[in-house]
Amino acid sequence: QRHPPLRRSERVAGGLSAAAEMASKQDPERELVSLEQRQGDDPGGGVEEEAELAGSAEASPPQQAQSVAANGHATQPGSPQGKRRTGVRTVLVLGLSAHGKTTLIDGLLANQGLHDARPDQRQDIGQGDVRCTTTPKLYKLYTEQQPTKLLKFREPAAASGDLALPAGSSESEALARADRSQKQWKAWARDKKYAAEVERDTPLMSDSGEGGELSVQLLDTAGLEDSQGADDEHMAQLVEDLMYGMVDTSSQTGSVCSQQQLGIEVTSLILVSKFGAPLSPAFKAQVKRYWDQFPMLHSNWTFLHAAADPLGRTFRHTGDRCYESRCEDRQMLLENTMAEIVGHSVQGAHIFLENHIPGEDDVDDSDGFVRGAEILKYEQAKSHDKLLKVLANLEPVAVGDLKLQKGPHMLQVDKVLCAIIQQDLQSARKTFADLEEAAQKSAGTVAQYEAQQRKGGEALAD
């Protein structure tokens with residue numbers, strides 16, 4: 001109800017040339033006249049025909065010939081299961097408000113050398129309970145000159161002992177592992193000779209290599225369990241943007257990234273949850289809603305645990321509870337929660353990430369050394385790399401013609417509105433029944449009057 005007519009016209013105009021090119025390649029003998037020529041021959045006409053043409057071209061992806069989208073990446077024909085392979089991977093990022101979704105995107109942009117891609121109040125992002133994202137925004141981890149790149153970094157000194165713990169290990173083995181872990185992380189944090197030296201490396205490639213170089217773009221969504229009760233509005237906005245296009249944050253003019261540019265394909269849905277935070281019933285309900293809204297992505301969920309601090313600044317590692325064991329516990333908790341939400345186990349990669357890197361305000365001594373900064377840069381870069389590789393290995397899925405799955409509040413509003421409409425219908429039916437009865441009585445009266453007139457006329461004739 002916001003602006004479908006305008007956006008539909010943009011879709012028709014934006015997709016026409018591509019549709020004409022694809023159709024001409026499929027059938028060389030078929031001539032397609034451009035929108036400008038057709039409007040010149042028939043001013044004001046042909047819009048419905050062009051929309052039908054564009055729709056028919058979009059409706060059969062497996063038959064499309066290779067073309068170049070507006071973002072400059074090729075669309076390859078003949079993909080399996082009717083999917084179109086493109087060089088762009090679109091990813092949805094969701095999670096609770098203030099749990100680190102936008103901060104995650106900031107870190108990814110920074111490591112790709114795109115610090116200026118978020119000019120809007122970067123210093124205020126992810127602070128406290130402030131709601132960061134209110135409308136979906138698209139952020140590109142690439143430019144026209146270069147695709148998304150993996151990172152290279154310098155490894156720290158080898159661990160003094162194995163930090164993995166096999167299943168079925170005894171309590172004493174768990175305590176020994178925790179002791180090794182705490183000593184190792186402290187040694188890494190205090191190592192003044194170590195520097196992570198994070199740099200961009202080779203382009204991100206698809207797992208099969210068929211798609212060539214890949215470029216990742218992240219769709220930052222509004223927080224789940226919104227404090228102002230706007231979850232229904234946020235979901236409706238997300239579905240509308242996926243169907244009709246969204247604002248491209250990398251554009252200085254705030255241009256709309258159309259459905260054709262997005263390719264109507266999504267590679268993954270990243271669920272961000274803050275490490276150690278409780279998973280509330282409201283959170284579970286919202287996650288279930290996303291699960292139901294995007295059934296085509298059930299095999300493409302990725303779980304990112306934000307604020308996973310290996311140095312114990314957020315929480316103390318005591319007894320057999322070390323960073324590694326807490327990660328294992330958190331992963332099991334989320335896996336069990338997802339199984340509770342959807343009724344079965346959900347397969348997906350789990351990635352642990354500390355978004356906050358100590359800076360100049362955290363200097364420990366006179367020589368300017370910031371304890372833990374370099375090892376956390378290393379851990380962050382390693383987690384970013386793991387995330388990018390996971391996305392590269394997932395198959396993009398066409399979301400198709402999305403239908404909004406309404407939440408409990410919207411369903412309750414619908415129920416109330418339907419009750420009001422039913423009352424109005426019953427009232428209208430009664431009114432029409434009364435009118436019909438009155439009309440019938442009136443018709444009877446007229447008939448009696450006409451009969452009397454006829455009798456009077458006959459009497460006068462006699």
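Please read all numbers here as calculations on a predicted model, not as lab measurements.
- One finds the CD atom of Q293 at 5.0 Å from the CE atom of M235 (value rounded to the nearest 0.5 Å).
- In this structure H99 satisfies the ring-ring contact (aromatic ring centres under 6.0 Å, His included) test with no other residue, sequence neighbours excluded.
- Separating the CG atom in L404 from the CD atom in Q237 is a distance of 11.5 Å, to the nearest 0.5 Å.
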(request) Please assess I375 against D191 for the test side chain to side chain contact (heavy atoms under 4.5 Å, CB included), listing each intermediate value before the final yes or no. (result) CA-CA 9 Å; I375 190 61; D191 187 357; over 6 Å; no
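- The shortest non-hydrogen separation linking P147 to E213 is CG-OE1, 3.3 Å.
- Each salt bridge (charged side-chain N to carboxylate O under 4.0 Å, His left out) pair with one or both residues in residues 193-205, not counting sequence neighbours, appears once here: K152-E199.
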(request) Run the numbers on Y142 and Q112 for side chain to side chain donor-acceptor pair (under 3.5 Å), then give the verdict. (result) CA-CA 7 Å; Y142 63 95; Q112 293 295 321; over 6 Å; no
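- A donor-acceptor pair under 3.5 Å links the side-chain atoms of N393 to the main chain of K389, judged by distance alone.
- How far CD of Q286 is from CG of L96: 9.0 Å, rounded to the nearest 0.5 Å.
- L387 places a side-chain heavy atom less than 4.5 Å from the side chain of L108.
- Looking at S181, its side chain never comes within 3.5 Å of a backbone N or O of R177 through a donor-acceptor pair.
- Between I420 and V416, some side-chain heavy-atom pair lies under the 4.5 Å cut-off.
- Residue I357 comes nearest to A373 through the heavy atom pair CG2-O, 3.8 Å, listed as atom of the first residue, atom of the second, then distance.
- At least one side-chain heavy atom of R89 sits under 4.5 Å from a side-chain heavy atom of S206.
- For the atom pair NZ of K101 and CD1 of I270, the computed distance is 12.0 Å after rounding to the nearest 0.5 Å.
- To the nearest 0.5 Å, atoms CZ (F283) and NZ (K288) are separated by 14.0 Å.
- Looking at L269 and F294, their side chains come closer than 4.5 Å, going by heavy atoms from C-beta outward.
- A distance-only check finds no donor-acceptor pair linking the side chain of T267 to the backbone of L391 [under 3.5 Å].
- The minimum heavy-atom distance between A349 and V390, with the atom names listed, is CB-CG2, 3.8 Å.
- Using a 4.5 Å heavy-atom cutoff, the side chains of S273 and R330 are in contact.
- For the atom pair CD1 (I351) and CD (Q331), the distance works out to 10.5 Å, reported to the nearest 0.5 Å.
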(request) Check the pair E379 / W188 against side chain to side chain contact (heavy atoms under 4.5 Å, CB included), numbers first and verdict last. (result) CA-CA 11 Å; E379 279 293 304; W188 279 334; 5.9 Å; no
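- Side-chain N or O atoms of N300 include none that pairs as donor or acceptor with a backbone N or O of P396 at under 3.5 Å.
- Without hydrogens or angle criteria, E374 side chain to A196 main chain gives a donor-acceptor distance under 3.5 Å.
- Using cut-offs of 30° and 60° on the angle between ring planes, the pair F303 and W301 is tilted.
- Nearest approach of G372 to L311, heavy atoms of both residues: CA-CD1, 3.7 Å.
- Of the possible donor and acceptor atoms, one in the side chain of T148 sits under 3.5 Å from a partner among the backbone N and O of V216.
- Using a 4.5 Å cut-off on side-chain heavy atoms (C-beta onward), L94 and L271 make contact.
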(request) Applying side chain to side chain contact (heavy atoms under 4.5 Å, CB included), run through L175 and D179 and close with a yes or a no. (result) CA-CA 6 Å; L175 286 170; D179 183 63; over 6 Å; no
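- Looking at T90, its side chain never comes within 3.5 Å of a backbone N or O of V266 through a donor-acceptor pair.
- No more than 12 heavy-atom neighbours from other residues, nucleotides or ligands sit within 6.0 angstrom of CE on M332.
- Taking the six-membered ring where tryptophan is involved, the planes of F275 and F352 are perpendicular, since the angle between them exceeds 60° and thus also 30°.
- The two residues K274 and A307 have their closest heavy-atom pair at CG-CB, 4.0 Å.
- Side-chain contact between K137 and L218 is absent, with no heavy atoms from C-beta onward closer than 4.5 Å.
- Without hydrogens or angle criteria, Y194 side chain to R154 main chain gives a donor-acceptor distance under 3.5 Å.
- Pairs of residues two or more places apart, or lying in two chains, that qualify as side chain to side chain donor-acceptor pair (under 3.5 Å) and include a residue from residues 336-348 are K284-E340.
- Side-chain contact check for L238 versus Y290: some heavy-atom pair is nearer than 4.5 Å.
- Considering all non-hydrogen atoms of both residues, Q380 and N111 come closest at OE1-ND2, 3.6 Å.
- A parallel orientation is assigned to the rings of H298 and W291, their planes being inclined by less than 30° (bins at 30° and 60°).
- Side chains of E155 and Y378: a donor-acceptor N/O pair is present below 3.5 angstrom, by distance only.
- Remark: the backbone N or O of L151 is paired with a side-chain donor or acceptor of D385 at under 3.5 angstrom.
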